[in-house]
Amino acid sequence: MNSEPVLTFQAGRYRVHSFTTLDGTNAEAQRNGARPGTAYIAGSQTSGRGRAGRTWQSPAGNFYGSLVTDVPAGQNPAQLAFVAALAVLDCLTGLVTEITPSLKWPNDVLVRDRKVAGILIEAGDGGYVIGIGINLQSSPGPEQTRYPATDLLAITGRTIRPESVLEPLLSAFDRRRDSWVRHGAETILTDWLASGHRIGDTIAASTATGRIHGAFAGLDQEGALLIDDIHGMRHVVSAGEVIFSGDE
Ligand code: BTN
């Protein structure tokens, strides 16, 4: 059962509603009409949603938040994935200077090749809900996840409190979104590639029509994933996710 927010406050451009616990911050944003300029955070979630219908385990101690944004006419909403992933990367790099996060297509954030943050973007009545989960103090074990996971406590030995994440994350998102709106896709995709897979990396992607395995060949101008398979055929993946990434 959800409660009323324990706190509502303004952070930059966002009206933030903070809860002790929720079924999920994406669910709460959707119930409230997905109004751009709102954000929802929770100390824990009882039914956190992950990509592809998966569950996102949400014990207290990690960050769970959703912000709602709109997409100007002429911009491709699918590129919010790159905007959000870069915002999380910026935020983590600012909070924990000793790590170098990387990106897994389209919008997972990794540290030392393990997933530290996940992003779920959903279209809503009034805007796009960008749900972000960051493993600060705990992460699911190998039997519970499709891709190996880790958390910042395990990596750095330091406890980062969820409360310290919100403001840098919102400002990083606004900076990246502003740049995307001003300069278009090219800049955001170039920045994504600087922290993403390296050309030639062996990757496997899961798509609606099956699994594609081959060498990472870059992104097309909209951000679709390009994979060259062993037969020399190029695959253009617009929806799905990378489920394996290596360098041989
Ligand atoms: C993924 O599968 O990688 C995406 C995970 C997204 C989890 C976050 S936690 C905050 C927000 N609320 C949800 O129910 N899911 C997202």
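Residues take their numbers from the sequence shown, with the count starting at 1. Atoms within a ligand are numbered from 1 in the order they appear, just like the ligands themselves. Just so you know, these numbers come straight off a predicted model, no measurement behind them.
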| task | May I ask you to list the residues sharing a hydrophobic cluster with I230, side-chain cutoff 4.5 Å, ordered by chain and number? | result |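 So far as hydrophobic clustering goes, I230 is joined with none.
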
| query | With side chains defined as the heavy atoms from C-beta onward, is the minimum distance between V68 and R35 less than 4.5 Å? | reply |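 Heavy-atom side-chain distance check fails, nothing below 4.5 Å.
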
| said: Going by ring pair (Phe, Tyr, Trp, His ring centres under 6.0 Å), name the pairs with one or both residues in residues 118-152, residues two or more places apart or in two chains. | reply: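 For residues 118-152, and leaving out neighbouring residues, there are no ring pair (Phe, Tyr, Trp, His ring centres under 6.0 Å) pairs at all.
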
| query | According to the interplanar angle, ranging from 0 to 90°, do the rings of W192 and H197 count as parallel (below 30°), tilted (30 to 60°) or perpendicular (above 60°)? | reply |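 Tilted.
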
| said: Using side chain to side chain contact (heavy atoms under 4.5 Å, CB included), reason through T55 and R49 one step at a time and then give a plain yes or no. | reply: CA-CA 5 Å; T55 299; R49 297 205 281 256; over 6 Å; no

| query | Considering residues at least two apart in sequence or located in another chain, which fulfil the side-chain hydrogen bond (donor to acceptor under 3.5 Å, both in side chains) criterion with R15? | reply |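 Applying side-chain hydrogen bond (donor to acceptor under 3.5 Å, both in side chains) to R15 gives Q10.
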
| task | Quick one, list the residues around ligand 1 where some non-hydrogen atom comes in under 4.0 Å, by chain and residue number. | result |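 Within the 4.0 Å shell of ligand 1, which is judged on heavy atoms, sit T25, N26, Q45, G48, R49, G50, R51, W56, Y64, G65, S66, D108, K115, G118, I119, L120, G131, I132, G133.
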
